[in-house]
Amino acid sequence: MEQEMIVNTGGDGGQFVVIPYKKGYAVKRYRGIGENIVVPREIEGKPIIAVERKAFLSCKTIRQIALPDTIEEIGDWAFAHAEQLRTITIPHHVLGRGKELFLGCKRLREIVLDGTDEEKVLRASWGLGRMLALAVTILHDYFLFDPVDTGSDEWVRRWDEKLMGLIALDDLDGFEELWTCGEEDYEGKDYDIKSYPVEKRKMKLRVVYFRLMHPYKIDNVTLDALRKYLLGHTKGTDTPEAWELIIEEHRNDLEYYRVFADSGCITEENFDSLLEDMKDCSAEIRAYLLRYKEEHFAAKDAFAAFDLDW
């Protein structure tokens, strides 16, 4: 029988259940209701080198987890269904890993690679932590969960291929599966045949916006394809979710408007309706749109004034 040891986590009153493993210890289970969890590097002079399968399974309160650089292995479903988990810090070295580590972690936003503060800031500016999180939650590719290879040319190429595959999926993909599993009994917009494709497009567009804001090592073919995808869902089309997403979730974030504009989504035909939708936006945002009109459309209006009616 495994010799279990209880280790207190600190101020939150939680506990780690650990067991001897190889040359050190493994975290077998976390017990508690803490939000910010730091796994210690060692116990009684021996390193913690593994997180066992299901160690943090269904821990509903955890928002952040920091793993020490002594960790070498992470078992199956280690953090599965930790529904509030936003950020996890992992070692920047080779990790043995099990399957579906983050299954059901829909709020996971960033997987931070440990290192110096300068290294972490640089990776954040490139968007690598977010790319890692998206790889295991939205793109569903655990081959990309590779701390050593993250950010390499080949890694980025594969990540972008997965993104292109995602946006190419039919917007009703997965809906039939919900019904065959009996999910039709649930109430909510995600299960309605009219709203399901709308929400599916918004999910895709969130990733597209992110990638265009963090174009680390992106090639021109991918860049053009992502901009074309936004353009296909601008205001005035039958599926204007690229614009609706900004107004609903980022109405005062100028960076989103810039990406929207750089993708050709602001046109003479939709300008007035865009401006109307922005009536509650900040003065800075409205000024940006008016300036865009002056720089891109005003010249055409000026030349039109010289047209002669023969």
| field | Tyr256 and Glu249, any side-chain heavy atoms less than 4.5 Å apart | value | no

- Is the backbone of Tyr142 close enough, under 3.5 Å, to the side chain of Arg97 for a donor and an acceptor to pair up by distance? yes

Note to self: Whether Lys22 and Glu73 form a salt bridge (side-chain N of Lys/Arg under 4.0 Å from carboxylate O of Asp/Glu) is what I want to check.
What the structure shows: yes

Requested in this report: Report whether Tyr21 and Val18 are members of the same hydrophobic cluster (ILVMFWY, side-chain heavy atoms less than 4.5 Å apart, transitive linking).
Outcome: no

Rounded to the nearest 0.5 Å, the CG atom of Leu223 sits from the OG atom of Ser263 at a distance of 8.0 Å

- Under a 4.5 Å cut-off applied to non-hydrogen side-chain atoms, are Arg211 and Leu134 in contact? no

dist Asp153:CG -> Lys217:NZ (nearest 0.5 Å) comes out at 4.0 Å

**Prompt:** In terms of hydrophobic clusters joined by side-chain contacts under 4.5 Å, are Tyr229 and Val207 together?
**Reply:** yes

(Q) Quick one: does any side-chain atom of Tyr257 pair with a main-chain N or O of Arg251 as donor and acceptor, under 3.5 Å? (A) yes

For Pro40 and Pro68 the tightest heavy-atom approach is O-CG, 3.4 Å

Margin query: Looking at Asp219 and Arg157, would you say the former's side chain and the latter's main chain have a donor-acceptor pair under 3.5 Å?
Written below: no

Closest non-hydrogen atoms of Leu95 and Pro147, given as atom of the first, atom of the second and distance, are CD1-CG, 3.9 Å

Interatomic distance, CD1@Ile88 vs SG@Cys105, rounded to 0.5 Å, equals 8.5 Å

When you check the side-chain N and O atoms of His81 and Ser58, is any donor under 3.5 Å from an acceptor?
no

Subject >> Lys60, NZ atom: more than 12 neighbouring heavy atoms under 6.0 Å >> reply: yes

Taking every heavy atom of Ala80 against every heavy atom of Glu100, the minimum-distance pair comes out as CB-O, 4.2 Å

Considering residues, nucleotides and ligands other than Lys106, do more than 12 of their heavy atoms fall under 6.0 Å from its NZ?
no

Smallest heavy-atom separation, Ile246 atom then Tyr209 atom, equals CD1-OH, 3.3 Å

Applying side chain to side chain contact (heavy atoms under 4.5 Å, CB included) to Gln15 and Arg29, what does each step give before you reach the verdict? CA-CA 8 Å; Gln15 296 177 327; Arg29 184 66 177 160; over 6 Å; no

- Carboxylate-amine/guanidinium contact Lys235 Glu276, below 4.0 Å: no

Side chains of Trp243 and Asp277: is there a donor and an acceptor less than 3.5 Å apart?
-> yes

So, Thr70 side chain and Ile48 main chain: donor-acceptor pair closer than 3.5 Å or not? yes

Taking C-beta and beyond as the side chain, do Thr234 and Phe260 meet within less than 4.5 Å on heavy atoms? yes

Point to revise | Heavy-atom check, side chain of Phe56 versus side chain of Leu85, under 4.5 Å | key: no

What about Ile138 and Ile111, same hydrophobic cluster or not, with Ile/Leu/Val/Met/Phe/Trp/Tyr joined at side-chain heavy-atom distances under 4.5 Å? yes

Review point. Under a 4.0 Å N-O cut-off, is there an ion pair linking Arg158 with Glu154?
Key: no

Sequence neighbours excluded, the answer for salt bridge (charged side-chain N to carboxylate O under 4.0 Å, His left out) partners of Glu35 is none

For Ala225 and Met164, the nearest pair of non-hydrogen atoms, with its separation, is CB-CE, 3.4 Å

Intermediate values then yes/no, side chain to side chain contact (heavy atoms under 4.5 Å, CB included), Leu166 and Met203
CA-CA 10 Å; Leu166 174 69; Met203 178 271 289; 4.0 Å; yes

Within the side chain of Tyr196, is there an N or O that forms a donor-acceptor pair under 3.5 Å with the backbone of Asp173?
-> yes

| Do the side chains of Val136 and Leu144 get nearer than 4.5 Å, heavy atoms only? | no

| message | Donor-acceptor check, side chain of Arg107 to backbone of Arg86, threshold 3.5 angstrom: yes or no? | response | no

Tell me whether Ile65 shares a hydrophobic cluster with Ile43, the cluster being built from Ile, Leu, Val, Met, Phe, Trp, Tyr side chains joined at under 4.5 Å. yes

One should read off an interatomic distance between Ile6 CD1 and Phe16 CZ, to the nearest 0.5 angstrom, of 11.5 Å

Value for SG (Cys265) from CG (Leu230), rounded to nearest 0.5 Å, stands at 5.0 Å

For Lys120, look at atom NZ and say whether over 12 heavy atoms of other residues, nucleotides or ligands are found less than 6.0 Å away.
yes

_Using ring centroids (six-membered ring only for Trp), state whether Phe145 and Phe102 fall under 6.0 Å._
yes

> Can you tell if the side chain of Ile90 reaches within under 4.5 Å of the side chain of Ile71, non-hydrogen atoms only?
Replying inline: no

**Q.** Over 12 foreign heavy atoms within 6.0 Å of CG, Leu290
**A.** yes

Worksheet item: Leu226 versus Leu163: any side-chain heavy-atom pair under 4.5 Å?
Response: yes

Test your reading of the model: is there a side-chain donor-acceptor pair from Asp76 to the backbone of Lys99, 3.5 Å cut-off?
yes

From the list Lys204, Lys202, Arg201, Lys200, side chain to side chain donor-acceptor pair (under 3.5 Å) with Glu241 holds only for Arg201

Next item on the list: Dump the intermediate steps for side chain to side chain contact (heavy atoms under 4.5 Å, CB included) on Arg123 and His92, then the final yes or no.
Entry: CA-CA 12 Å; Arg123 294 188 195 115; His92 188 203; 3.0 Å; yes

- Item | Chi angles and distances behind the side chain to side chain contact (heavy atoms under 4.5 Å, CB included) call for Arg63, Thr87 | CA-CA 7 Å; Arg63 298 173 66 91; Thr87 305; over 6 Å; no

Mutual orientation of the aromatic rings belonging to Trp126 and Tyr216 [parallel < 30°, tilted 30-60°, perpendicular > 60°]
parallel

In short, Leu132 meets Trp155 closest at the heavy-atom pair CD2-CZ2, 4.0 Å

Linking I/L/V/M/F/W/Y whenever any side-chain heavy atoms sit under 4.5 Å apart, do Ile49 and Val17 land together? no

Can you find a pair of side-chain heavy atoms, one from Leu254 and one from Ile285, that are under 4.5 Å apart? yes

Here the gap from His140 atom NE2 to Lys162 atom NZ, rounded to the nearest 0.5 Å, amounts to 10.5 Å

Counting heavy atoms not belonging to Arg109, are there more than 12 under 6.0 Å from its CZ? no

